[in-house]
Colleague: 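I'd like to ask you about the structure that follows.
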Amino acid sequence: MISTSKLGYSFKAIISFKVYTGKMQSFLKFISEMHEVYECNRVTGEHCLIMKLIVQKPNELENIINLFSDFGESTTSIVLSSPVEHKVFNQNKN
C-alpha cells in the first residue's frame with residue numbers, strides 16, 4: 001500500500017453531498033475524473049452521497065467545494081485522525 005502522506009497528500013476530508021435535481025449523472029461523471037475523490041458512496045438520508053477526499057493543502061479543498069456548489073449542497077468534515085483504517089472484513093466473530 002502506498003502512503004499518501006509520503007506523496008504530500010495528508011489533508012483528508014469527508015463531504016456529505018445533496019445533489020440538485022437533474023444533476024446526479026453529470027456530478028458522478030465530474031467526480032469520477034477527480035483524483036482527489038478516492039471514495040464515493042450513495043446513501044440514504046438528507047444527503048445522497050458521502051465522499052472521501054484527499055488533498056495536499058486546505059485551499060485545494062476549498063477550491064473543490066466551490067466547484068461542487070454548481071451541482072448541489074455540501075457539508076464538509078476535516079479528518080483529524082483515523083483510529084481504524086484498512087480493516088479487513090472477517091465474517092467470523094471468534
Side-chain angles (χ1 to χ4, degrees):
M1 172 175 273
I2 296 172
S3 171
T4 54
S5 61
K6 288 182 181 178
L7 297 173
Y9 289 83
S10 57
F11 195 80
K12 296 179 183 179
I14 297 171
I15 296 181
S16 300
F17 200 74
K18 185 176 182 179
V19 180
Y20 292 144
T21 303
K23 298 267 188 168
M24 180 64 81
Q25 292 309 315
S26 58
F27 183 67
L28 291 176
K29 182 179 182 331
F30 178 71
I31 63 169
S32 71
E33 297 170 359
M34 298 181 71
H35 70 274
E36 297 91 348
V37 178
Y38 67 92
E39 186 174 332
C40 178
N41 296 286
R42 190 128 186 219
V43 297
T44 60
E46 182 180 344
H47 293 95
C48 54
L49 299 172
I50 304 281
M51 296 171 281
K52 293 182 182 179
L53 289 82
I54 189 163
V55 294
Q56 291 178 313
K57 301 174 192 166
N59 69 318
E60 293 173 359
L61 179 60
E62 182 179 15
N63 292 337
I64 290 169
I65 292 168
N66 290 338
L67 292 171
F68 284 5
S69 67
D70 289 338
F71 296 96
E73 301 170 12
S74 63
T75 301
T76 304
S77 300
I78 305 300
V79 176
L80 299 175
S81 67
S82 300
V84 177
E85 193 173 55
H86 306 297
K87 187 174 178 181
V88 176
F89 175 73
N90 182 354
Q91 68 182 24
N92 298 325
K93 294 182 182 180
N94 306 0

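For clarity, every value in this text was computed on a predicted model and none was experimentally measured.
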Colleague: Between Met51 and Leu28, is there a shared hydrophobic cluster once you connect ILVMFWY residues whose side-chain heavy atoms come closer than 4.5 Å?
Modeller: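 Yes; Leu28 is reachable from Met51 via cluster members.
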Colleague: According to a hydrophobic-cluster definition based on side-chain heavy atoms being under 4.5 Å apart (Ile, Leu, Val, Met, Phe, Trp, Tyr only), do Met34 and Phe71 belong together?
Modeller: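 Looking at the clustering, Phe71 is in the same group as Met34.
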Colleague: Identify which one of Ile15, Val19, Ile64 satisfies the side chain to side chain contact (heavy atoms under 4.5 Å, CB included) criterion when paired with Ser74.
Modeller: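 Testing each of Ile15, Val19, Ile64 against Ser74, the sole residue satisfying side chain to side chain contact (heavy atoms under 4.5 Å, CB included) is Ile15.
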Colleague: Calculate, to the nearest 0.5 Å, the distance between atoms CD1 and CD belonging to Ile65 and Glu60 respectively.
Modeller: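 Result: 12.0 Å between the selected atoms.
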Colleague: Using a 4.5 Å cut-off on heavy atoms from C-beta on, say whether the side chain of Leu49 contacts that of Met24.
Modeller: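 SC-SC contact between Met24 and Leu49 confirmed.
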Colleague: Check His47 against Lys18 and note the closest heavy-atom contact, atom names and distance.
Modeller: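 Taking His47 first and Lys18 second, the nearest heavy atoms are CD2-N, 3.6 Å.
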Colleague: Can you find a pair of side-chain heavy atoms, one from Val55 and one from Asn63, that are under 4.5 Å apart?
Modeller: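 A side-chain contact under 4.5 Å is absent here.
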Colleague: Determine, using the 4.5 Å side-chain heavy-atom cutoff (strictly less than), whether Phe27 and Ile50 are members of one ILVMFWY cluster.
Modeller: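 No, no single cluster joins them.
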Colleague: For the CD atom of Glu36 and the CD atom of Gln56, what is their distance to the nearest 0.5 Å?
Modeller: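 If I round to the nearest 0.5 Å, the distance is 9.0 Å.
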Colleague: Can you tell me how far apart OG (Ser81) and NZ (Lys12) are? Round to the nearest 0.5 Å.
Modeller: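 Separation between the atoms: 10.0 Å.
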Colleague: What I'd like to find out is whether the side chain of Leu67 reaches to under 4.5 Å of the side chain of Phe30, using heavy atoms alone.
Modeller: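 Yes - at least one pair of side-chain heavy atoms lies under 4.5 Å apart.
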Colleague: Are Ile54 and Val79 linked, directly or through other ILVMFWY residues, by side chains that come within less than 4.5 angstrom of each other?
Modeller: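 In one cluster with Ile54: Val79, no.
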Colleague: Please work out which of the three classes, parallel, tilted or perpendicular, describes the rings of Phe68 and Phe17, given edges at 30° and 60°.
Modeller: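 Geometry flag for Phe68 against Phe17: perpendicular rings.
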Colleague: What's the verdict on side-chain contact (heavy atoms from CB on, under 4.5 Å) for Ile78 and Phe11, showing C-alpha distance, side-chain angles and the deciding distance?
Modeller: CA-CA 8 Å; Ile78 305 300; Phe11 195 80; 3.8 Å; yes
